[in-house]
Amino acid sequence: MVDLEQDDDFQGDPLAHAGLDTLAIRAGQRRSAEGEHAEAIFPTSSYVFANAAEAADRFSGAQPGNVYSRYTNPTVRMFEERIAALEGAEQAVATASGMAAILSTCIALLQAGDHVVCSRDVFGTTRVLFNKYLSKLGIRADFVPVTEFDAWRQAICAETRLLFLETPSNPLGEVADIARLAELAHRHQALLVVDNCFCTPALQKPLDLGADIIIHSATKYLDGQGRCLGGVALGRQQQMEEVLGFIRSAGPTMSPFNAWVFLKGLETLRLRMEAHSANAMELALWLQQQPAVDRVFYGGLPTHPGHELAARQQRAFGGVLSFRVRGGRQQAWTLIDSTRILSLTANLGDVKTTIVHPATTTHGRLTDEERNQAGITENLVRVAVGLEDIEDIKADLARGLTRI
Ligand SMILES: *Cc1c(COP(=O)(O)O)cnc(C)c1O
């Protein structure tokens, strides 16, 4: 018999040097006494104590352990540990949605009088959150074009505590230099928050590039099959404890069922992201050849202004692209209405390919001037490329393109 106790290679954390796929499949899992192979779902609101003394110790924190599922839940904890391992973060805090992750991070780390500089082309609701709600609490935000470093620099003032960005941007795929903006933020004692929803840790690791906090809408690629809403904030323990404190008090907690779906989603994350990227790349090249297409926006194309930076900062270019058809709204709608396989929906990050007209949906709430500034023209169409056969996706789009 080999004495494994004496074997250095058998001791310690087996995942200490594990690669991304191994972490995506193994990190965070804890088995119950039943010995289940797959992760267990714990659909319980509260937990039972052995006796009154244990209850008192759990409540006071003298003894670690579960008390109530607004505070901790074993399935949610497994998801938090797994995504933290993938992003290389000290701690993750799961939330009920991506927006809840952004709100909780801002409430936990900011106070009245503080200022945020945010990239102009962030998710529409993120803008609403800053402009309509966080402003009520005395938190000011200014918006700048994500690629214009000088605009970021000039927008920073003595009260700036946070820089917030999404890269690549939606829907034009503009790319922010994370390392350079992290350095700018730190020079002004501010934190850099990156919404890493479009890339996921399979394609981009913002913390390695100097960012302080990562936000995800788990609803998108982390799930990958359009089933559940969820979100997560990740970063250093000191800041995440603040975020956790807010979640516990305010209650936008992730449900254990959703956490389980995300755990399963993470297991295939890299494979899916590479397949999404390969399909999107092929579709972008094909669209460029179509006479009815005026211009394609995809970071994977060497002609895209963000291509070089994206190639340096990301492992691949992701699944989202957009393009302008020749004509205006009429022609864009004709194309969309001619599809029979693609889903007409604003969601993305799904194995099912989705198509949408940004000017009248996702960006419909912007003023005409804001839309023009952001390059959201009436002839722009966004496709979040899924994992169907690429020839079928092309054929579904070709029908409409020949009618323009
Ligand atoms: C969808 C999305 C969000 C919001 O996430 P929800 O889960 O819908 O609340 C935030 N950021 C980006 C980039 C998104 O695509």
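The first residue of the sequence shown is numbered 1, and numbering continues consecutively from there. All ligand and atom numbering here is 1-based and tracks the order in the structure.
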Peer 1: Would you check if the side chain of Asn73 reaches a backbone N or O of Ser255 as a donor-acceptor pair within less than 3.5 Å?
Peer 2: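 No.
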Peer 1: Could you give the N/O to N/O pairs under 3.5 Å linking ligand 1 and the protein, each with its distance?
Peer 2:
from, atom 1, to, atom 2, distance (Å)
ligand 1, 5 (O), Ser217, OG, 2.9
ligand 1, 7 (O), Gly98, N, 2.8
ligand 1, 7 (O), Ser217, OG, 2.8
ligand 1, 7 (O), Thr219, OG1, 2.6
ligand 1, 9 (O), Gly98, N, 3.1
ligand 1, 9 (O), Met99, N, 2.9
ligand 1, 11 (N), Asp195, OD2, 2.6
ligand 1, 15 (O), Lys220, NZ, 2.6

Peer 1: Give every donor-acceptor pair under 3.5 Å between a side-chain atom in residues 342-349 and any protein atom, sequence neighbours left out.
Peer 2:
from, atom 1, to, atom 2, distance (Å)
Thr345, OG1, Asn347, N, 3.3

Peer 1: Is it the case that the side chain of Asn279 and the backbone of Gly386 share a donor-acceptor pair, with hydrogens and angles ignored and the cut-off at 3.5 Å?
Peer 2: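 Side chain of Asn279 to backbone of Gly386: a pair is present.
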Peer 1: Looking only at the aromatic ring of each residue, does the gap between the centers of His276 and Tyr221 stay below 6.0 angstrom?
Peer 2: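 Yes, they do, as the ring centres are separated by less than 6.0 Å.
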Peer 1: Is the backbone of Phe49 close enough, under 3.5 Å, to the side chain of Glu54 for a donor and an acceptor to pair up by distance?
Peer 2: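 The answer is no, because no donor-acceptor pair under 3.5 Å joins these two groups.
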Peer 1: Examine distances only and state if a side-chain atom of Arg326 and a backbone atom of Pro291 form a donor-acceptor pair shorter than 3.5 Å.
Peer 2: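 Checked: pair present.
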